[in-house]
Asks: 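Would you mind keeping the following structure in view while I ask a few things?
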Amino acid sequence: MSRYNFREVEETWQRNWDDRASFKVGEDSDRPKYYVLEMFPYPSGRIHMGHVRNYTMGDVVARYKRAKGFNVIHPMGWDAFGLPAENAAIERKIHPAEWTYENIATMRGQLQSMGLSLDWDREIATCHPGYYVHQQRMFVDFLEAGLAYRGESVVNWDPVDGTVLANEQVIDGKGWRSGAPVEQKKLSQWFFRITAYSQELLDALATLDRWPDKVRMMQTNWIGRSEGARIYFEIENRDDRLEVYTTRPDTLYGASFCALSPNHPLAAELARNNTDLAAFIEECARMGTSEAVIEAAEKKGFDTGLKIRHPFIDGKTLPLYVANFVLMEYGAGAIFGCPAHDQRDLDFARKYGLDVVPVVLPANADAATFTVGDEAYTGDGTAINSGFMDGMSVDEAKAAAIARLEEMKAGKGTVEFRLRDWGISRQRYWGCPIPVIHCEACGAVPVPKDDLPVLLPDDITFDAPGNPLERHPSWKDAPCPSCGKPARRDTDTMDTFVDSSWYFARFCSPRADVPVDRAAVDYWLPVDQYIGGVEHAILHLLYSRFFVRAMKACGYLSIDEPFAGLFTQGMVCHETYRDEGGNWLYPDEIEKTGDAAAKHRDTGKPVTIGRSESMSKSKRNTVDPEEIIKSYGADTARWFMLSDSPPERDLEWTDAGVDGAWRYLNRIYRLIDEQKDGLNPPGAAQPDQFDEAAIELRRATHQAIEGVTYDLEDFGFNRAVAKIRALTNAVGNAVSTFGSDLSAPGRAWALREALETAVRLMNPMVPHLAESLWETLGHDVALTEMNWPVADAALLQQDIVTIAVQVNGKLRGTLDLPRGVEKDEAEKAALALPAVTRATDGKTLRKVIVVPDRVINVVV
RNA sequence: GCGGGCGUGGCGGAACUGGUAGACGCAACGGACUUAAAAUCCGUUUCCCUUCGGGGAGUGCAGGUUCGAGCCCUGCCGCCCGCACCA
């Protein structure tokens, strides 16, 4: 008897697939295509369990679809630009490129050891000039199409590191690395005009029916469409007008003040002659934008002394404040306040003693007595105190107010979005250079496409803070492409989210000398199944949706949406451990001494076991996939990843769970090893007779095919695993029923069918073992070339069905009856059951419900 | 605050459109094999009562609809996630 040698099996089959180029694909019009993609990794150094889970799921889908006859493309690459490479450069004096490519080499090897069915010929790295040259081309195209532009915006600026920070990199108002208080700074940057597609990005969400509702909801909220009105208020003693945005023009009669954002140009203008106002604005800027600050912040305002004329009420004026809660980025950067019907306005009004005039009367309230106390009334109702709008519903009043404003040329109805254009400039070295040259005479001039790529210089230093490209002695000097005079390169690089916004398209023609080969993208796109973490629900997934629209506008492709199907997987979690001093400990530093107790492996000191949390280096609750693969094999890791937890939910990594997976794989290995010699040869003709035991096994086999197929179509990997295990149990039972006698009609055949089926069903999940067992069963065609098994419908139904018998809905017994038995007959049998007669004794039979082949309910 | 999701044994989780709740595993316990251990195999395992025939309760809580509810409806409670001064 042989033992399952996973090391040898996994190496053999990985080499075999490689030698036979099993996963290399090209366009093939004869077969339906299927594009499976997992979010590509950042080459941080080593793969982690989250990668293992993600890529295992993708591989199951890829191998399953392949067996179903699809021409499956399943590529892999590297999201290789980004900050950590620069940090490594600073900390370890290693060039970002070197660090990145070394990491890629390590991680490629690790992924290969997982046995993924990837077409490695399509591998790309976004930091490679062969990739980013095309990104620079498209940038120029976008520029020409008006989809990229240069603009000013307020950014998070870290004065110590000398760079812009993303919002995520600002923690409690301080730079995450330098710890310096972040400043709000106005900078000229490049933008992608994602807002040109606001409505379209919103509308098209409805077509993404294979996306999680949650993600669509999040994008809907992020895009943030609202309908309302722009109002142009006249300002007393000034020529210009004040523009505000509101969603409640119906409450205009209840207005008691107007307020500007501290960043509003008018506020800045007024501050020039008013030091108190200047100080107030300064204070607002310092306050920062972190949530905690906003939560606690008091509504504060500064009365500018200016008076705003009410458009509908002759002679009425409203005071104009600068208020800390008004955002420059939304609407017009200015508001009118109606305290009775907006909580924030109410707080503000109470603080500054402003009028609170109710103008919407709730349905069951009395106009004579209705007042607003501490809570603003934001609901529906009837307009009151509102002149021409009195008596209208909120919706009618909105329309009427807009109509009147438009008539007076004092405003108009508008649709507003929360979505902002995408600022892509980063003051970083390790990113795609922005292909623009700034000329004093000609302005910002794109680098001609023939001169691309603009390559990153290799000879850079990280010995001072700030952008190495800016400090480079000569790189930024370049002649103006337009007039030829000395000019200056843009020293910013693109946000790395740009890189990941189109990589899925590049995979279709990874070596093309244009961004994408038209025939290839027309064949392969869109991605049929995309798999990744929910943390990308907005940024990456929204940017990519924008990018394909922009690419379409520039004639590169013709799809509307990049990802037809999306699956967001849960995280991998693990218990946490701390020593007496509160320091985090790695799982391999501790030893369990009981159910909820542990000690330090070396010191023997007690260890506190904390709750299970997402694996992270900072909490040291990580398990290295490479160690697991080395000691148990990739298949065990894969099988465990797919068992137990539904893929969209978090998975708890436990040693016991891994052992369980390991035990099962050994069990099926042993089972086949023990039975293989007694089986008939592969491909033997189906006998025409089966005894009862053989039929029972065949039923289990075909139910497993049916169930596993259904589950795999539906991302029910945990259920599929359970059904394969159930089939294995059924084989085990059959083997003991059969004993050593396989001569009864059909037994040997049914046993082979069951074992072969189990192997084929588990192939997408544990491909090395499955291939090996398939070979053991006497086949010389690899499973990668085999079709998916098909269930025999005749075997899915049982001839004898077990029917539940209830009395008043309570289970009293069961009946085994032939399928399709007459209702009367079933009813008679049910009423004759001792448990039923006992329960109905002395009571009047009211009625009997018979659900054919399912349940009989006796009502008394 | 707004939006969304989820509550099922000791644990992870099954349960097709309302029809035998607890599949499949983990852990635990008992047994077989063994000098012993590991490995493996067999069995038990929702809870309570039991005269061992059974009986009762049970899917967060309280109601409702239905012959029948884990699933549908109403109201609570708890947990998780996202957004957050969005006018």
Side-chain angles (χ1 to χ4, degrees), chain A residues 3 212-222 224-226 228-229 244-248 251 258-259 261 289 291 293-295 297-299 323-327 329-338 341-345 347-348 416-419 534-535 537-538 595 612 640 643-646 648-652 654-661 663-664 666-667 670 706-707 710 714 716 718-729 732 736 802-815 834-835 838 846-860:
Chain A
R3 259 184 73 82
D213 290 342
K214 180 184 174 172
V215 174
R216 291 195 286 177
M217 189 81 61
M218 282 164 73
Q219 292 212 355
T220 302
N221 293 338
W222 187 262
R225 184 184 194 274
S226 73
V244 309
Y245 175 69
T246 181
T247 55
R248 296 295 302 273
T251 64
C258 285
S261 162
T289 50
E291 293 123 65
V293 172
I294 288 166
E295 186 76 28
E298 213 180 333
K299 310 278 170 274
N324 63 349
F325 61 88
V326 181
L327 303 174
E329 305 84 63
Y330 187 76
I335 60 161
F336 82 78
C338 175
H341 305 291
D342 182 286
Q343 191 59 45
R344 205 184 30 209
D345 295 348
D347 295 345
F348 192 82
E416 212 68 29
F417 293 91
R418 214 186 69 122
L419 184 66
V534 75
E535 65 273 18
I538 292 174
D595 250 5
S612 181
F640 173 62
S643 310
D644 298 344
S645 289
E648 69 277 11
R649 251 185 260 181
D650 287 353
L651 171 130
E652 163 96 7
T654 60
D655 292 346
V658 180
D659 284 338
R663 274 201 301 273
Y664 172 73
N666 278 279
R667 186 170 161 228
R670 235 180 294 115
E706 177 79 358
Y710 177 85
D714 197 36
N718 57 320
R719 300 194 304 264
V721 164
K723 282 166 191 160
I724 293 169
R725 295 184 87 131
L727 173 59
T728 311
N729 292 345
S736 55
T802 303
I803 296 172
V805 181
Q806 305 172 332
V807 175
N808 290 339
K810 193 181 279 283
L811 184 72
R812 292 293 166 182
T814 59
L815 282 174
R838 213 168 27 233
R846 301 247 306 273
K847 62 174 154 176
V848 180
I849 311 268
V850 181
V851 182
D853 298 336
R854 271 232 136 100
V855 74
I856 296 166
N857 192 9
V858 180
V859 186
V860 289

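Proteins come first, then strands; the chains are lettered A, B, ... in the order of their sequence lines, and each starts at number 1. Given the structure is predicted, the values throughout are model-derived calculations rather than measurements. What's counted below: heavy atoms across the whole structure, side chains too, no hydrogens, waters or symmetry copies.
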Asks: Output the pairing pattern of RNA chain B as a dot-bracket string, 5' first, Watson-Crick or G-U wobble with both distances under 3.5 Å, | for cross-strand pairs, [ ] for crossing pairs.
Replies: (((((((..(((......[....))).(((((.......))))).((((....))))..(((((..]....))))))))))))....
Asks: Using a 4.0 Å heavy-atom cut-off to protein, can you give one letter per nucleotide of nucleotides 7-15 of chain B, 5' to 3': B if the base is in contact, S if only the sugar-phosphate is, - if neither?
Replies: -----BSSS
Asks: Sequence neighbours left out, what passes side chain to side chain contact (heavy atoms under 4.5 Å, CB included) with Asp347(A)? Give chain and number order.
Replies: Lys299(A), Gln343(A)
Asks: Which sits closer to the 5' end of RNA chain B, Arg854(A) or Gly660(A), going by the nucleotide each is nearest to?
Replies: Arg854(A)
Asks: Which letters describe nucleotides 53-58 of chain B, given B = protein heavy atom under 4.0 Å from base, S = only from sugar-phosphate, - = neither?
Replies: -SSSS-
Asks: Please enumerate all residues that pass side-chain hydrogen bond (donor to acceptor under 3.5 Å, both in side chains) together with Glu648(A), with sequence neighbours excluded.
Replies: none
Asks: Using the side-chain hydrogen bond (donor to acceptor under 3.5 Å, both in side chains) criterion, which residues pair with Arg344(A)? Sequence neighbours excluded.
Replies: none
Asks: Report each atom pair, protein N/O against N/O of nucleotides 81-83 of chain B, whose distance is under 3.5 angstrom.
Replies:
| unit_1 | atom_1 | unit_2 | atom_2 | d |
| --- | --- | --- | --- | --- |
| rC81(B) | O2' | Lys214(A) | NZ | 3.4 |

Asks: Below 3.5 Å, does any donor atom in the side chain of Arg248(A) face an acceptor in the base of rC86(B), or the other way round?
Replies: no
Asks: Thr728(A): which residues meet the side-chain hydrogen bond (donor to acceptor under 3.5 Å, both in side chains) condition with it, sequence neighbours left out?
Replies: Tyr664(A)
Asks: Under 4.0 Å from OP1 or OP2 of rA87(B): is there any side-chain N or O of Tyr245(A) that close?
Replies: no
Asks: List in chain and number order the residues that pass side-chain hydrogen bond (donor to acceptor under 3.5 Å, both in side chains) with Glu416(A), two or more places apart in sequence or in another chain; answer none if no residue qualifies.
Replies: Arg230(A)
Asks: By the rule that syn is within 90° of 0, classify the base conformation of rG4(B) as syn or anti.
Replies: anti
Asks: Check nucleotides 64-69 of chain B for protein N or O atoms closer than 3.5 Å to its own N or O atoms and list the pairs.
Replies:
| unit_1 | atom_1 | unit_2 | atom_2 | d |
| --- | --- | --- | --- | --- |
| rC67(B) | O2' | Asn857(A) | ND2 | 2.9 |
| rC67(B) | O2 | Asn857(A) | ND2 | 2.7 |

Asks: For nucleotides 39-43 of chain B, tabulate all protein N/O to nucleotide N/O atom pairs closer than 3.5 Å, reporting atom names and distance.
Replies:
| unit_1 | atom_1 | unit_2 | atom_2 | d |
| --- | --- | --- | --- | --- |
| rU40(B) | O3' | Arg670(A) | NH1 | 3.4 |

Asks: With sequence neighbours excluded, what pairs up with Phe336(A) under the ring pair (Phe, Tyr, Trp, His ring centres under 6.0 Å) test?
Replies: none
